[in-house]
There are 2 protein chains.
Amino acid sequence: MPPSIPADAAHASPLTQPTAGPGGEERFQRSDLAQEVAFLTARARGRGNALANRLLSDLGLKVRPFAVLAMACSGTNPSQRELSGFLDLDPSQVVALVDMLEARGAIRRETDPRDRRSKILVATEAGLELYAQAVQRTREAEEQTLHALSPAERDQLRELLAKVVF
Amino acid sequence: MPPSIPADAAHASPLTQPTAGPGGEERFQRSDLAQEVAFLTARARGRGNALANRLLSDLGLKVRPFAVLAMACSGTNPSQRELSGFLDLDPSQVVALVDMLEARGAIRRETDPRDRRSKILVATEAGLELYAQAVQRTREAEEQTLHALSPAERDQLRELLAKVVF
DNA sequence: TGATAATATTGAGAAAGTCAATGATTTGTC
DNA sequence: GACAAATCATTGACTTTCTCAATATTATCA
């Protein structure tokens, strides 16, 4: 067996140290990609989403329906169009989510008297209760997701992200 | 026209001020949901992703393939399994992405001599050039996405997110 | 009044995510 | 050394999510 040192050097045979580090992924943390905010953000949202979905599952909810419910419970009386914009969802996706939550009796559609084309979402009593339960789960998810950050750092992160997206 | 003050208060008829504010979504920014880091993160990644995809489109790339290419170009010699973990993708998704990039001639699979089950990804010359082009696009996307933040704030954000996800 | 635009909705098709099964290979155990 | 169990890449089926065009209803504007 040859000493596993191929002849050419440039970029043809980087098989010299395939799995160098311990066993983890620390090896990748210095890559260009790992420095991109976009990558870090995607990873954070992926992890957070997965955890939140898990914690919400016993309520028969996922993150998306939760967001719609939360807005219906917010007292801001959003229309579906506004929700579509605020939650970055296609109008047709909002329809599906609202259908589901309305079928569960958590929210109601009320046609806006000012503009009878649009439907305003309002929470039912049951919806408010469901939301109260769900919020506990998402708070726990946030707690776990951000456990590496101090309270001050969490506020910092929240404010920086708010600056970015608003 | 009545003074638009419905008889019941609680949660039955919130049709009083459907579209109060100017025209935008400032109205929703004080909702509970808008305070959740998870929501802000999802929004940031959604916006950033969409922009990056747009800027990468003339290279025939999207964010996901770009990430795989970036790791193949990183000099860390990742296996597909490692990529799956690092990028939060199902192994089968990695297969599809690698197939595509390999068909384009941007990367190659090399079976790890230390473990002949796993394949290590390495960039070709053409892949390195493609990556160089692509990185310009993603830098521009990051620039635009984070335009509201100062350089110091961008570093802060990067470090906070890194703490969260690593 | 009539033309134009916006809202919710439907439906179709593409893309992405999830999961189980498989062949090849490695690792651990006797 | 042989055998069982675990791991990697891969395939395929399946579900969920995304994206887009078309439509009926209602508003807005000239």
Side-chain angles (χ1 to χ4, degrees), chain A residues 1 15 18-19 23 42-43 45-47 49-50 52-54 56-57 60-68 72 77-103 107-122, chain B residues 15 18-19 23-24 42-43 45-47 49-50 52-54 56-57 60-68 72 77-103 107-122:
Chain A
M1 214 184 289
L15 301 182
T19 313
R43 217 168 126 109
R45 99 103 202 188
R47 301 284 169 90
N49 236 251
N53 278 337
R54 229 175 310 134
L56 285 171
S57 66
L61 282 179
K62 290 187 175 189
V63 164
R64 287 296 172 73
F66 166 77
V68 173
N77 301 329
S79 75
Q80 293 186 194
R81 188 77 190 80
E82 291 171 319
L83 234 55
S84 166
F86 193 62
L87 302 181
D88 273 323
L89 293 173
D90 188 87
S92 63
Q93 291 179 280
V94 175
V95 170
L97 291 166
V98 169
D99 278 351
M100 187 233 254
L101 288 170
E102 196 174 35
I107 67 179
R108 257 180 309 123
R109 286 181 236 238
E110 298 194 2
T111 80
D112 185 342
R114 285 183 177 70
D115 183 344
R116 302 168 32 77
R117 288 171 303 182
S118 75
K119 314 260 180 81
I120 284 172
L121 301 185
V122 11
Chain B
L15 300 183
T19 313
R43 216 169 128 110
R45 99 103 204 188
R47 303 282 169 92
N49 236 250
N53 279 337
R54 231 176 306 135
L56 286 171
S57 65
L61 283 179
K62 291 189 174 186
V63 164
R64 286 297 172 71
F66 166 77
V68 173
N77 300 330
S79 75
Q80 294 187 194
R81 188 75 191 81
E82 291 171 319
L83 235 54
S84 166
F86 193 62
L87 301 181
D88 273 322
L89 294 172
D90 189 88
S92 64
Q93 292 179 282
V94 175
V95 169
L97 290 166
V98 168
D99 278 350
M100 186 233 254
L101 288 170
E102 195 173 37
I107 66 179
R108 256 180 312 122
R109 287 180 235 239
E110 298 194 2
T111 80
D112 186 342
R114 284 184 177 70
D115 183 343
R116 301 165 34 77
R117 288 171 303 182
S118 76
K119 313 262 179 79
I120 285 171
L121 301 185
V122 11

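Throughout, a chain's letter reflects where its sequence line sits, starting with A, and its residues are numbered from 1.
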Checking side-chain contact (heavy atoms from CB on, under 4.5 Å) for the pair B:Q80/B:R109: CA distance, chi angles, key distance, verdict? CA-CA 9 Å; B:Q80 294 187 194; B:R109 287 180 235 239; 2.9 Å; yes

Ignoring hydrogens and angles, does a donor from either the side chain of A:R117 or the base of D:dT25 sit under 3.5 Å from an acceptor on the other? no

Send over the distance from [X] [atom1] to [N] [atom2], rounded to a whole Å.
{"X": "A:K119", "N": "D:dT25", "atom1": "NZ", "atom2": "P", "result": "12 Å"}
{"X": "A:N53", "N": "D:dT16", "atom1": "CG", "atom2": "C1'", "result": "12 Å"}
{"X": "A:I107", "N": "C:dA8", "atom1": "CD1", "atom2": "P", "result": "12 Å"}
{"X": "B:I120", "N": "D:dT7", "atom1": "CD1", "atom2": "P", "result": "19 Å"}
{"X": "B:D115", "N": "C:dG28", "atom1": "CG", "atom2": "P", "result": "12 Å"}
{"X": "B:R116", "N": "C:dA24", "atom1": "CZ", "atom2": "C1'", "result": "9 Å"}
{"X": "A:L87", "N": "D:dC18", "atom1": "CG", "atom2": "C1'", "result": "15 Å"}
{"X": "B:E82", "N": "D:dT7", "atom1": "CD", "atom2": "P", "result": "15 Å"}

Using a cut-off of strictly less than 4.0 Å between a heavy atom of the residue and any atom of DNA chain D, enumerate the qualifying residues of residues 88-96 of chain A by number. A:D90, A:S92, A:Q93

Can you see which heavy atom on [X] is nearest to which on [Y], and at what distance?
{"X": "A:T111", "Y": "A:K119", "answer": "CG2-CD, 3.9 Å"}
{"X": "A:V98", "Y": "A:V68", "answer": "CG2-CG1, 4.2 Å"}
{"X": "A:D90", "Y": "A:S84", "answer": "C-OG, 4.0 Å"}

Of A:L56, A:L97, A:L101, which meets side-chain contact (heavy atoms from CB on, under 4.5 Å) against A:F66? A:L56

Non-hydrogen side-chain atoms of A:R64 and A:Q93 separated by less than 4.5 Å: yes

Candidate nucleotides [options], ranked by approach to the side chain of [X] - the nearest:
{"X": "B:Q80", "options": "D:dT10, C:dT25, C:dT9", "answer": "D:dT10"}
{"X": "B:S118", "options": "C:dT9, D:dT16, D:dC8", "answer": "D:dC8"}
{"X": "A:K62", "options": "D:dT17, D:dA27, C:dA8", "answer": "D:dT17"}

B:D88 vs A:R47, salt bridge (charged side-chain N to carboxylate O under 4.0 Å, His left out): CA-CA, chis, key distance, verdict: CA-CA 8 Å; B:D88 273 322; A:R47 301 284 169 90; 3.1 Å; yes

Find which nucleotide of DNA chain D each of A:R64 and B:R109 is nearest to by heavy atoms, and output the residue with the more 5' nucleotide. B:R109

